[in-house]
Amino acid sequence: MEAENQTGVSDFLLLGLSDDPELQPILFGLFLSVYLVTVLGNLLIILAVTSDAHLHTPMYFFLSNLSFIDICFSSTTVPKMLVNIRRQSKSISYTGCLSQVCFVLAFAGLENFLLAAMAYDRYVAICHPLRYTHIMNPRLCGLLVLSSLIISVGDALLHSLMVLQLSFCTDLEISHFFCELAQVLKLACSDTFINNILVYAVTSVLGGVPLLGIIFSYAQIVSSILRMPSPGGKYKAFSTCGSHLSVVLLFYGTAFGVYISSVVTDASTKTAAASVMYTVVPPMMNPFIYSLRNRDMKGALRKLIGRTSFW
């Protein structure tokens, strides 16, 4: 029997990464560990930045915001997956699914813009060091974060409102562990041409502009570093942006990897597994990258842990 239009959608089904009952406890333990590490690691970064006066600079202001977004990003998808595994359920309500779509888009967009703002911060620090404090003043930093928030939330709400206009079929199975916009659009019985055009147009602009900004910033940074006469000066200048460059490569590398895997293969389970790489792995790895590669951050974390141990 053909799937008919369903005007009052009640639940979607999240098929997850595997149907094998023996793998469910392993997946639960793995994702619970990853989630706890993500929350704890990023929370330590935020506490270290706020508690150490030496880290009250634009770079660490952006980093603490990035850590907060990473916590929110993981909290949007992973807890629901853990609950479904524990209850041996695959359902998510229509409202819950739409909320996931909205929050995933908002936090992914925010991370995208914040990485661009951090690249601009490193560009000013290396290419215009004498004017750094004048250019990267608290007002500009606040405006960059606020504008990123407004644009990202506006984009997420726009896509969510467009999904609300769609009618869905009775076969509401999503081959994923969370409600991804592209997967939700595939389930619609009504025409999604405008939705797809909007996805490609907005993604090209809101994804492409920050990426171009990052590329431009690092092109100027590399050019400036190469003109430095001292090898020690070159190393010191590059080391200040090494952590950020690693996070950028991780975020965009995993995102492009998911896109390529979805184009190359039709296997939904492989696409879902690949999506773990950009929704779960970067938020977990970012604190390690910054704490292991940054001397100031390591010192602040040692002070914070020492103060906590004392009390």
Trainee: Do the non-hydrogen side-chain atoms of Phe31 and Val280 ever get within less than 4.5 Å of each other?
Mentor: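 In contact.
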Trainee: With side chains defined as the heavy atoms from C-beta onward, is the minimum distance between Cys97 and Ile174 less than 4.5 Å?
Mentor: yes
Trainee: If you measure from OG on Ser33 to CE on Met284, what distance do you get to the nearest 0.5 Å?
Mentor: 10.0 Å
Trainee: Return yes when atom NE2 of His54 has more than 12 non-hydrogen atoms of other residues, nucleotides or ligands closer than 6.0 Å, and no otherwise.
Mentor: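 For His54, atom NE2 is not crowded (no more than 12 foreign heavy atoms under 6.0 Å).
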Trainee: Check for a donor-acceptor pair, side chain of Ser64 on one end and backbone N or O of Phe61 on the other, with a separation under 3.5 Å.
Mentor: yes
Trainee: Do Tyr123 and His128 have ring centroids that are under 6.0 Å from one another?
Mentor: yes
Trainee: Show the nearest heavy-atom pair for residues Pro129 and Cys127, with the distance to one decimal.
Mentor: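 Of all heavy-atom pairs spanning Pro129 and Cys127, the closest is CD-C, 3.4 Å.
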Trainee: From Leu110 CG over to Ser152 OG, what is the distance, rounded to the nearest 0.5 angstrom?
Mentor: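 Reported value, rounded in 0.5 Å steps: 4.0 Å.
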Trainee: Could you tell me whether the side chain of Val124 reaches within less than 4.5 Å of the side chain of Arg131, counting heavy atoms only?
Mentor: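 With C-beta onward as the side chain, the pair stays apart.
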Trainee: Backbone N or O of Thr38 within a donor-acceptor pair of the Asn42 side chain at under 3.5 Å?
Mentor: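 Looks like yes, one N/O pair under 3.5 Å.
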Trainee: Please confirm whether His176 and Phe12 have ring centers closer than 6.0 angstrom.
Mentor: no
Trainee: State, to 0.1 Å, how close Ile289 and Ser246 come at their nearest heavy-atom pair, and which atoms those are.
Mentor: CG2-CB, 3.8 Å
Trainee: So do Met297 and Tyr60 actually touch side chain to side chain, heavy atoms under 4.5 Å?
Mentor: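 Yes - at least one pair of side-chain heavy atoms lies under 4.5 Å apart.
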Trainee: Just wondering, do Glu111 and Leu115 contact through their side chains at under 4.5 Å, heavy atoms?
Mentor: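 Yes, at least one pair of side-chain atoms sits under 4.5 Å.
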Trainee: Does Ser224 reach the main-chain N or O of Gln220 with its side chain, forming a donor-acceptor pair under 3.5 Å?
Mentor: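 The answer is no, because no donor-acceptor pair under 3.5 Å joins these two groups.
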Trainee: What's the verdict on side chain to side chain contact (heavy atoms under 4.5 Å, CB included) for Gln24 and Leu27, showing C-alpha distance, side-chain angles and the deciding distance?
Mentor: CA-CA 5 Å; Gln24 300 310 305; Leu27 289 174; 4.3 Å; yes
Trainee: Below 3.5 Å, can you tabulate the donor-acceptor pairs from side chains in residues 71-80 to any protein atom, sequence neighbours excluded?
Mentor:
from, atom 1, to, atom 2, distance (Å)
Ser74, OG, Asp70, O, 3.4
Ser75, OG, Tyr35, OH, 2.8
Ser75, OG, Ile71, O, 2.7
Thr76, OG1, Cys72, O, 2.8
Lys80, NZ, Asn84, OD1, 3.3
Lys80, NZ, Ser91, O, 3.3

Trainee: With a cut-off of 3.5 Å and sequence neighbours excluded, list every side-chain donor-acceptor pair involving residues 157-166.
Mentor:
from, atom 1, to, atom 2, distance (Å)
His159, NE2, Asp155, OD1, 3.1
Ser160, OG, Ala156, O, 2.8
Gln165, NE2, Leu161, O, 3.3

Trainee: With side chain to side chain contact (heavy atoms under 4.5 Å, CB included) as the test, would you mind laying out the steps for Glu180 and Val104 before giving the verdict?
Mentor: CA-CA 8 Å; Glu180 191 181 47; Val104 166; over 6 Å; no
Trainee: Closest heavy-atom contact between Pro58 and Met136?
Mentor: CG-O, 3.5 Å
Trainee: So do the side chains of Asn65 and Ile46 get within less than 4.5 Å of each other, counting heavy atoms only?
Mentor: no
Trainee: Working to the nearest 0.5 angstrom, can you tell me the gap between Ile26 CD1 and Ile85 CD1?
Mentor: 11.0 Å
Trainee: Checking one residue: Phe216. Which other hydrophobic residues are in its cluster under the side-chain 4.5 Å linking rule?
Mentor: none
Trainee: Given 3.5 Å as the limit, does a donor-acceptor pair link the side chain of Ser243 with the main chain of Tyr290, or not?
Mentor: no
Trainee: Which pair of non-hydrogen atoms, one from Ile214 and one from Ala116, has the smallest distance, and what is that distance?
Mentor: CG1-CA, 3.6 Å
Trainee: Would Tyr132 and Asp121 count as having a side-chain donor-acceptor pair, cut-off 3.5 Å?
Mentor: yes
Trainee: Can you tell me if Thr192 uses its side chain to pair, donor with acceptor, with the backbone of Asn195 under 3.5 Å?
Mentor: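 No; judged by distance alone, with no hydrogens or angles, the pair does not exist.
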Trainee: What do the steps show when you test Leu47 against Leu301 for side chain to side chain contact (heavy atoms under 4.5 Å, CB included), and what is the final call?
Mentor: CA-CA 9 Å; Leu47 292 174; Leu301 286 171; over 6 Å; no
Trainee: For Asn286 and Phe251, what are the C-alpha separation, side-chain angles and deciding distance, and is it a side chain to side chain contact (heavy atoms under 4.5 Å, CB included)?
Mentor: CA-CA 9 Å; Asn286 289 353; Phe251 179 75; over 6 Å; no
Trainee: What about Val247 and Ile126, same hydrophobic cluster or not, with Ile/Leu/Val/Met/Phe/Trp/Tyr joined at side-chain heavy-atom distances under 4.5 Å?
Mentor: yes
Trainee: Hey, does Leu185 have a side-chain heavy atom less than 4.5 Å from the side chain of Leu181?
Mentor: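 Result yes, sub-4.5 Å side-chain heavy-atom pair found.
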Trainee: Working to the nearest 0.5 Å, report the span between CG of Leu63 and CE of Met118.
Mentor: 5.0 Å
Trainee: Taking the side chain as every heavy atom from C-beta outward, state whether Val49 and Met59 have any pair of such atoms under 4.5 Å apart.
Mentor: no
